[in-house]
Amino acid sequence: MTDKNKLSMFLFLLSEAAFFGVLIMSYLYYYPSYTGERNSPLALDPLLSGLFTIALLASSFTLWRAQKSTEHGQRGGQRVWLLATVALGAIFLGGQLWEYTQLIAENITISSSLFGTAFFTLTGVHGLHVFGGLLMLVIALGLALGGLLTPHRAIGLTMVELYWHFVDVVWLVIFTLVYLWPRL
Amino acid sequence: MSEISLAPDAADALPGLSQPSGLLRWIASVDHKQIGIMYIVGALVFFVIGGLEAMLIRAQLAQPNAKLISPEFYNQLFTMHGVTMVFLVGMPILIGFGNYLVPLQIGAHDMAFPRLNALGLWLFIFGGLLMYFSFFIGQAPDQGWFSYAPLAEQPYTSHRGPDYWSLGLFVTGIGSVSGAINVIVTVWTMRAPGLTMRRLPLFTWMTFINGFLIIFALQILNAGLVMLEVDRLFGGSWFTPPGSPVLWQHVFWSFGHPEVYILILPAFGMISEIIPVFSRKPIFGYEFVAGSTIVIGFLSFTVWAHHMFAVDLGIGWHAFQSAATMLISIPTGIKIFSWIATMWGGKLRFTTAMLFAASFLVIFTIGGITGVTFALVPTDWQTTDTYYVVAHFHYVLVGGTFFAVYAGVYYWYPKVVGRMLSERLGKWHFWLNFAGLNLTFFVQHFLGLMGMPRRVYTYPDLPGWGTLNLISTLGGLISALAVLVFVVNLVWSARRGQPAGDNPWQAWTLEWATTSPPPPHNFEELPPVRSRRPLWDLAHPEDPDWKREH
Ligand SMILES: [Cu+2]
């Protein structure tokens, strides 16, 4: 890999993998003690969260299309795909917020139990990463609408795309471990 | 090459502070040389602060049952001394050297991302200021540099100290990661034609490997800091019941052990540059020195639990960690062997730089040997949390990292400033520091074996304890005097030192192929690189290295 921009993003994501790795391992460290009604991943709704997960996965696809459109100078496609990406990312984040309010209404909070602490830390930090990515996407969308996101500058969008796919993959790991695994 | 060219006026290469808008041209700079210098100067300022903290600690401990300072202030002092020396001195000074030297050693005009480079510098400075601001509100961190839970948790430390600690380290940590990414990308993509990875100068090579340690280790710490703050600010229970403080130890030492190597690998790199030049021989076993660095990098992430032998993790874990810890001393041993073999039969020139490098070998080896004794679980149980541990890691960090950095300063100062440091003052600095270090810390081995616990505010008048502690404090004073001589030398030589010329040591790597100080874009012209010692090849066309390499 000799493109310095891509290489730097790749290294950053490696370091982020270590960051999330510690949080995920720490979540699992306490896994045996997640027992009791409000101290258990069984309090979560995997179906609903699964829908939002699909939205996030779809946004990876639309962003890939947006990047290709940018490279080929197709400005219409670029705008539509970027808009779709932003919308799907926002749906995911909104879904997460809604899930949080539901849990808090059931008195499951960051300070209510060990599971609460672990769950809100892990998903909250991930949510912040999605939020950061969404900000970058909104900026990209603004540039695209202003006609500034030319093929010449496609590398910028490629960097955002790499980041976004990474955040997506991390979510798949979290979703599998936190939502699906306890139900198996 | 043999003719000494006049040092260009430093103002040609670097903006002077007295020039109009000179200060702004430093603060707003994205030039890797200026950023490197600012890293090093910033680290030296924190070094003086951390050193003064150590002096106060030693003053309090000079006699038994003393009450020179308050116990609360004492706790803040030993906490901030450790935090400062590790995060605000050791790391930034090594990163600063990397910033200055890596582009020059690979024949590049700057780092890959100059603005990201400036960001890293300012994050380091602001993170340090943030932590020190805590003193002004009277709530400085006092929980020890490793913030062990549950002590660092809300019920036991209700003031803001641990929060300043976490946020300050988070800020500097992001800076370190961005700097490390920058170094890796620079080395990978911007090397001069012909400068393959296998011809890389060893300082650059080790700084490159160190970059990988930083991007992983500091992010492990960052995750731990987030969890600690979730506990402290939002009432979480990661490290308090029903959670467990042992998890904090796992996370912290997963960062902490690699951190030890982060503080020593670039120092190894400096030694690997300096010893060959002053032995007039190429390094013995380049491949082994370079390769063993990669091995150290990997192993350093596997042995964290040797800091946790006092926790019952099961006999299997302890046995594995014990064996792995002994294993990791092998690649380090290989390096020491290579340096000695390089000196063997060489034409040794004992300049101040070489004196520091050679004594590094002795002191670091002592520190390494006492380190291996911790790998034996029963010995560890006897000595853990005593002054034996304090003696061990000061031998490694002062005698290792700092002596190597001193060697590096004496070696590269002429390149950076254009003038030589005074050898006379340098010799004074060396002998005072050598004596001071050994006086201070050698006796602490005995104090530890006699059972004196570390981090205590004071101690009872047991036989020998008062005398040994007084010797230790006197040693500290001598070290402080040594640092004073060093600072005087730095300032005096910048104005009055001998002009250095391009290559005062007849060294062989690319940074010596340009003027001292280098022009803004580093090189007017690069010599061809066909071996590990391009300047040797240039000076000896009849006997170049590249003819022998094949
Ligand atoms: Cu260790």
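Below, read A as the first sequence line, B as the second, and so on, with proteins coming before strands; counting in each chain starts at 1. Keep in mind it's a predicted model, so treat the numbers as computed, not measured.
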Answer with side chain, backbone, both or neither: which region of A:Phe12 has an atom nearer than 4.5 Å to a non-hydrogen atom of chain B?
-> both

Side chain, backbone, both or neither of B:Asp231 within contact of chain A (heavy atoms, under 4.5 Å) = side chain

Side chain, backbone, both or neither: which part of B:Val251 has a non-hydrogen atom closer than 4.5 Å to chain A?
-> side chain

Residue among B:Asn182, B:Val177, B:Ile184 satisfying side chain to side chain contact (heavy atoms under 4.5 Å, CB included) with A:Leu11 | B:Ile184

Might you work through the side-chain contact (heavy atoms from CB on, under 4.5 Å) test for B:Ile181 and A:Met9, ending with a clear yes or no?
-> CA-CA 9 Å; B:Ile181 291 173; A:Met9 181 50 82; over 6 Å; no

What parts of residues 212-223 of chain B touch chain A if we use heavy atoms and a cut-off under 4.5 Å?
-> B:Phe212, B:Ile215, B:Phe216, B:Gln219, B:Ile220, B:Asn222, B:Ala223

Among residues 236-246 of chain B, which ones touch chain A with a heavy-atom distance under 4.5 Å?
-> B:Gly236, B:Ser237, B:Trp238, B:Pro242, B:Gly243, B:Ser244, B:Val246

side-chain contact (heavy atoms from CB on, under 4.5 Å) assessment of A:Val22 paired with B:Phe255 = CA-CA 10 Å; A:Val22 171; B:Phe255 146 78; over 6 Å; no

Residues of residues 132-166 of chain A near chain B, each having a heavy atom less than 4.5 Å away = none

Members of residues 94-119 of chain A whose heavy atoms come closer than 4.5 Å to chain B | A:Ile110, A:Ser111, A:Ser113, A:Leu114, A:Thr117, A:Ala118

Counting only heavy atoms not in [X], do more than 12 fall under 6.0 Å of its [atom1]?
| X | atom1 | value |
| --- | --- | --- |
| B:Tyr156 | OH | no |
| B:His159 | NE2 | yes |
| B:Arg115 | CZ | no |

Distance (rounded to the nearest 0.5 Å) between B:Thr189 OG1 and A:Lys6 NZ = 14.0 Å

In terms of heavy-atom pairs under 4.5 Å with chain B, which of A:Thr121, A:Val125, A:Asn39 leads?
-> A:Thr121

Using a cut-off of under 4.5 Å on heavy-atom pairs, state which of A:Gly124, A:Gly21, A:Ala17, A:Ser26 scores highest against chain B.
-> A:Ser26

Non-hydrogen atoms of A:Lys4 and B:Phe113 that approach each other most closely = O-CZ, 3.4 Å

